[in-house]
Amino acid sequence: NSDMRAVGKWTWLTLAIQNQNRVLYDLTRRQYDVIVVGGGHAGTEAAAAAARLGAETLLITQKIMTIGALSCNPSLGGVGKGQLVREVDALDGLCGRAGDSAGVHFSILNRSKGPAVWGPRAQLDRERYRQFIQSELLSTPRLTVLEGSVDELLVSQPNPEEPGHHRVTGIRLVDGSHPILSSSVVLTTGTFLSGSLFMGQTTSPGGRMGDAQSCAGLSYTLKETLGLRVGRLRTGTPPRIVKESVDLSLAQLQAPDKQPTPFSFLNTHTRCKPEEQLPCYLTHTTPGVERVVRESVHLNCHIQQDAKGPRYCPSIESRVLRFPGRRHQVWLEPEGLTSDLLYPQGLSMTMPPELQLRLLREIPALHRAEIRTPGYGVQYDFVCPTQLTPSLQVKSTQGLFLAGQINGTTGYEEAAAQGLWAGVNAGRTALSLPPMALSRTQSYIGVLIDDLVGRGVTEPYRMFTSRAEFRTYLRPDNADLRLTPRGFEEVGCVTLRRYKKAVSVRDGLQEALMALQSFLPISSADPVKLCQVECGASLHRYFQALAGPLRDIQRLVPEPLLHCLGCVLRVVVLLESEPLPQSKVLRALEQFFIKDLSTFLHSSFPQSLLVSQSLPLKNIPTPCFTIGFLQT
């Protein structure tokens, strides 16, 4: 049936190897529980989450080959963003495990500050990331993938027992084929909603260079049929530079962490070995860059538009015009283990290609640079997110959920977080279950959604730790303890395997906590402090009382606890909201113990020693992430 183009031969072959009993697209099927439109970071997480929940799900994307593509920067995580990745992983999402598989340069940002603002980050191999996401989706039960473009939503009268003026009942494809019905629809259109591409004075319809132009019909449905308020935003991407044409000796080398820290709580190591990691390089703009920008403003129609661009990731034109006379950072980042390209982060630009090359060559390290693909700008429609509920469903339209850049955000991590939660609630709605919401006191995902639906956006929204009032509690290291049990017990999006892993870690930490609470240091020199930590005192009181002599912390930790040091360290960090001298505790622990952690990571607990002690430590697991996180 030519009306339903599903996949190419490679997809059928891959699927046959992965699951011989599963058909990727049933040509006779016209109804699903959930339809997800778009195969980017939001769409892939939404489709996978709905399927995990038990809903029969259809993912529609323009090109199956671009599912999971990294459209802009080949990186994942960062300050605030890394917290979102860890929370998506705690709810059994894809991007954390994909990052561990595709990462080529791992680092923890903000390590000099407290644990609440540490930011796990990785440079990614574009091809590995795309392959991992596609492999996961094509092997997910109850998930079907269709290649095509959606022209309009099918709208009917609402259910009078539920709030709303309309109800979405499915979609119709551009090719005019039969409609596909569903109980819920999730729109994750990214920059493709009435998108326009800009380069110099040239404009063309589209949401990403090299892909088919976006459909105006869907935007028309949202504005005219459903009456939603729609705005306009813009973004851009830098040119890709041939690596061999760059003089890296004139740039400052930025090495990765010696021991990569995985994003996923399920992983103890990354696919890329420590010695295989690639470095990044730092350089800066020069007065010549500013001169080229000013001379080309009249040839750059994108920069003259009224649409708001990202404040925290602006184009080089915006930087120069807003902050004249300054030197701006440019990061030269690898695009993969076998890629011959570099990504110049900080040089997003939309001027004509010949001027882009001239600008690059004003930077010493790039004085011979060659461009493989020029930079360009994108303008696209977004729906004002105050029209959504905390479940990411449109208030006025039953069964319609929005996630990603269509809600006015920017960034892979923000899109993935929204996609997962929209997919969860779309699946629950289709299965006649009540919607779920996350409080901003519980997670960064809750902060993100609450900011969007409660305050709206005037520019592309990006997550920062400063947006979270409870950031000392919402740390990246405890996302599994905060979200995984709820994801399994209440939401239904977490697999049994991950739930058991989280429960094992939780129980192990509780045992370590009990052991510390039961331990009394024998010290006649500190009778007052010893009195303050009588039996039954809390761990908070214990460490508070011992804040003075922490230089002698080795005598404070009993021998058996040294063999579950990972749990001890994590328990210390788990003293979330108490006014503890955490920095002193961590510094002391690092000073005496961190040097031995690499050995501890790869060794088993000496059970004979543990059994000989009257402390409940036999089943304490090794929280490798926390150990790696605390390495210096």
Undergrad: Tell me if a side-chain donor or acceptor on Tyr380 pairs with a main-chain N or O of Ser194 at a distance below 3.5 Å.
TA: no

Undergrad: Can a donor-acceptor pair be found between the side chains of Glu152 and Tyr220 at a distance below 3.5 Å?
TA: no

Undergrad: Tell me whether the guanidinium CZ or amine NZ of Arg467 lies under 6.0 angstrom from the six-membered ring centre of Tyr461 and within 45° of its axis.
TA: yes

Undergrad: Under 3.5 Å, is there a donor-acceptor pair between the Glu87 and Gln83 side chains?
TA: no

Undergrad: Does anything in residues 69-79 pair up under salt bridge (Lys or Arg N to Asp or Glu O under 4.0 Å), and if so which pairs, sequence neighbours excluded?
TA: none

Undergrad: Do the side chains of Val494 and Leu483 get nearer than 4.5 Å, heavy atoms only?
TA: no

Undergrad: Within the distance-only criterion (no hydrogens, no angle test), does the side chain of Ser139 pair as donor or acceptor with the backbone N or O of Glu136 below 3.5 angstrom?
TA: yes

Undergrad: Are Asn407 and Thr409 close enough that a side-chain donor and a side-chain acceptor fall under 3.5 Å?
TA: no

Undergrad: Tyr129: which residues meet the ring pair (Phe, Tyr, Trp, His ring centres under 6.0 Å) condition with it, sequence neighbours left out?
TA: His41

Undergrad: Please report the C-alpha distance between Arg167 and Gln157 in whole Å, then the side-chain angles of each, then the deciding distance to 0.1 Å, and finally whether the side chain to side chain contact (heavy atoms under 4.5 Å, CB included) criterion is met.
TA: CA-CA 6 Å; Arg167 178 165 187 81; Gln157 293 298 315; over 6 Å; no

Undergrad: Would Arg86 count as a cation-pi partner of Phe265, with NZ or CZ less than 6.0 Å from the six-membered ring centre and within 45° of the ring normal?
TA: yes

Undergrad: Would Glu317 and Asn300 count as having a side-chain donor-acceptor pair, cut-off 3.5 Å?
TA: yes

